[in-house]
Amino acid sequence: MPIQDVDLIVVGAGQGGVPLAVDFAKAGKRVVLFERKHLGGTCVNVGCTPSKAFLASAHNAGRARDAAKIGVHCEITIDTRAIMRRVNQIRRDWHDGVERKLSGAGVRVVMGEARFVGERTLEAEDITVRAPIVLLDTGSNPACPPIDGLSELPYLTNETFFDLEDLPKSIVVIGGGYVGLELGQGLQRLGTDVTILETGSRLIPREDADATEVIAQALRDDGVDLRVGKKASCVARGDKLCVRLEDGNELETDAILVAAGRTPNSEALDCAKSGVELDERKFVKIDVHMRTTCEGVYALGEVAGQPAFTHVAWEDYRRVKAVIEGGTRTRDDRVLAYSTFTEPQLGRVGMNEEEAVRKGREVRVVTYQLEDDARGTEWNLQRGFYRLVVDAKSEAILGATLVGYEAGEIVHTILAHMEAGSTWRVLERSVHIHPTFNEGLPSLARLLV
Ligand SMILES: Cc1cc2nc3c(=O)[nH]c(=O)nc-3n(C[C@H](O)[C@H](O)[C@H](O)COP(=O)(O)OP(=O)(O)OC[C@H]3O[C@@H](n4cnc5c(N)ncnc54)[C@H](O)[C@@H]3O)c2cc1C
């Protein structure tokens, strides 16, 4: 097959690849985009979109149960088929939207797994294309932990979970990270008996220990059997599935969900053929400007080892585009924020105390408990706290950890202050609306006065 020359090749229809392909095509460039599975990548098909649609049902059930504490008694009937039908409709709509965006812009989409066959030259489905600019946005896949017998069993991952029509009666979730906690709590709230196994000594070790403890307690109160510091050694099939733990205990379960980290999708690319180097963990090596070791080849998102969030991969696209156009944006010139969508949520922005101290900053740290909060009291949503980390000398806000109701929304106020370069004193003198959860933020800053 002759090699076809185009202006841009994108590998992976994820969060960064799609908008770059669309921008180039709209500017009249010839663009080929390879995608091996589904347009829209992880977020739209098997990540954020279906998981948050699923959690919308689960958290409504949780809130309806909690309403009894303020005198509203609800009878809850869970229609799992309706829930999963809705989840699937939403992700199909979003997937179709991506398809329309690409075809509307004139991007040539090739459904197939692409691999390098030469410098900036890729092949899939009998099509070989070459371009001066190549963008790798191939993301990651769920990792399979080394547990005896696991690979022979039909375990679930985020790739298959949302295809379920019915939810299992019981499930063991392997992995107490963001995905395991969100889906674990969601399942429990929809009537499944959930056990979560986490091998580490605590959940999400990158977060403050007391923050993760609030989330852990909320899950336990929902009925989740949370086993921290516990490792599965083998799994087997009897009448049910059996998970044996290293401490000798056994768990009988109807299903297993593996949420134990991610592996970058780099192997199939055969990067060496184009001089694109991988690091020791198989992430594509990029410099600060997101350039790989091959001129003209860029990488972004999870395959490049960037923080594993949709808004990061999307923002990466704007960086790559600016660099291609001669700009100087870098891979991390942003204030990073994210949230876990458990209930309560954990909203994080910037550095926590441990990270700031590790970077040699002299810090002041204050914490405001939601049990003292007006809105929290009125709504019986007093679980959690807000914590602010500031630079002791410049008074700049370095970061915040918010645990509480919709903390993933509220944290944006701090994000905006950080982007604007304001100090904690600006936050302190801001008069927020009473009574709102946001009102707790100036109260938090006031603890520094
Ligand atoms: C259950 C779950 C929930 C999540 N929830 C959130 C959330 O609430 N908020 C948030 O910010 N993030 C969330 N994330 C993370 C987020 O989904 C990812 O960080 C984001 O989708 C990564 O985008 P990406 O562009 O790097 O890659 P992806 O979106 O994974 O896209 C990569 C694409 O490349 C394709 N591909 C791979 N190799 C090849 C090849 N050789 N040839 C052709 N195509 C290839 C893949 O099929 C895929 O479609 C969640 C993740 C999971 C698993």
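Atoms within each ligand, like the ligands themselves, are counted from 1 in listed order.
Shown in contact with G47 at under 4.0 Å from a heavy atom are these atoms of ligand 1, numbered in order with element: 1 (C), 2 (C), 3 (C), 4 (C), 52 (C). With ligand atoms numbered from 1 in the order given, ligand 1 contributes 17 (O), 21 (O) to contacts under 4.0 Å with heavy atoms of C43. Of all atoms in ligand 1, numbered sequentially from 1 with element shown, those under 4.0 Å from a heavy atom of F34 are 43 (C), 44 (N). Listed by number with element, the atoms of ligand 1 under 4.0 angstrom from any heavy atom of G14 are 25 (O), 29 (O), 31 (O). The ligand atoms of ligand 1 that sit less than 4.0 angstrom from a heavy atom of E113 are 40 (C), 41 (N), 42 (N). Residue L269 has at least one heavy-atom neighbour below 4.0 Å for each of these atoms of ligand 1: 41 (N). Of all atoms in ligand 1, numbered sequentially from 1 with element shown, those under 4.0 Å from a heavy atom of G139 are 26 (O), 27 (O), 30 (O), 32 (C). Contact atoms of ligand 1 toward V11: 40 (C), 42 (N), 43 (C) (distance under 4.0 Å to a heavy atom of the residue).
In terms of protein heavy-atom proximity, atom 47 (O) of ligand 1 is nearest to E35 OE2, 2.7 Å. Closest protein heavy atom to atom 25 (O) of ligand 1: D137 OD1, 2.5 Å. Of all protein heavy atoms, the one closest to atom 23 (O) of ligand 1 is A313 CB, 3.8 Å. Closest to atom 5 (N) of ligand 1, if we only count protein heavy atoms, is K52 NZ, 3.1 Å. The single protein non-hydrogen atom nearest to atom 45 (C) of ligand 1 is R36 CG, 3.6 Å, given as residue, atom name and distance.
When only interatomic distances are considered, the shortest N/O to N/O separation between T310 and ligand 1 falls below 3.5 Å. When only interatomic distances are considered, the shortest N/O to N/O separation between Q15 and ligand 1 falls below 3.5 Å. Considering backbone and side-chain atoms alike, E182 places every N or O at 3.5 Å or more from each N or O of ligand 1. Taking distance alone, with nitrogen or oxygen atoms compared against 3.5 Å, G301 stays at or beyond that limit from ligand 1. In terms of N/O distances under 3.5 Å, ligand 1 is approached by A114. For ligand 1, the polar-atom distance check finds an N/O of T42 within less than 3.5 Å of one of the ligand's N/O atoms. Inclusion of N265 in the set of residues having an N or O under 3.5 Å from an N or O of ligand 1 is not warranted.
No part of L39 comes within 4.0 Å of ligand 1, judged by heavy-atom distances. For C48, heavy-atom contacts with ligand 1 shorter than 4.0 Å involve the backbone as well as the side chain. Residue-level proximity to ligand 1 for S51 is carried by the side chain, the only part with a heavy atom below 4.0 angstrom. At a heavy-atom cutoff of 4.0 Å, ligand 1 is contacted by the side chain of V179 but not by its backbone. Within the 4.0 Å heavy-atom criterion, neither part of Y178 lies near ligand 1.
For N60 and R189, the side-chain atoms include no donor-acceptor pair closer than 3.5 Å. Between T263 and N141, the side chains place no donor N or O within less than 3.5 Å of an acceptor N or O (distance only, hydrogens not considered).
Residues W314 and P19 meet the side-chain proximity criterion, which asks for heavy atoms closer than 4.5 Å. Here the side chains of K273 and T121 are not in contact, with every heavy-atom distance at 4.5 Å or above.
At least one heavy atom of G112 sits closer than 4.0 Å to an atom of ligand 1. Heavy atoms of Q306 come nearer than 4.0 angstrom to ligand 1 in no pair at all.
If you check each of T49, T138, D316 against atom 38 (N) of ligand 1, the one with the closest non-hydrogen atom is T138.
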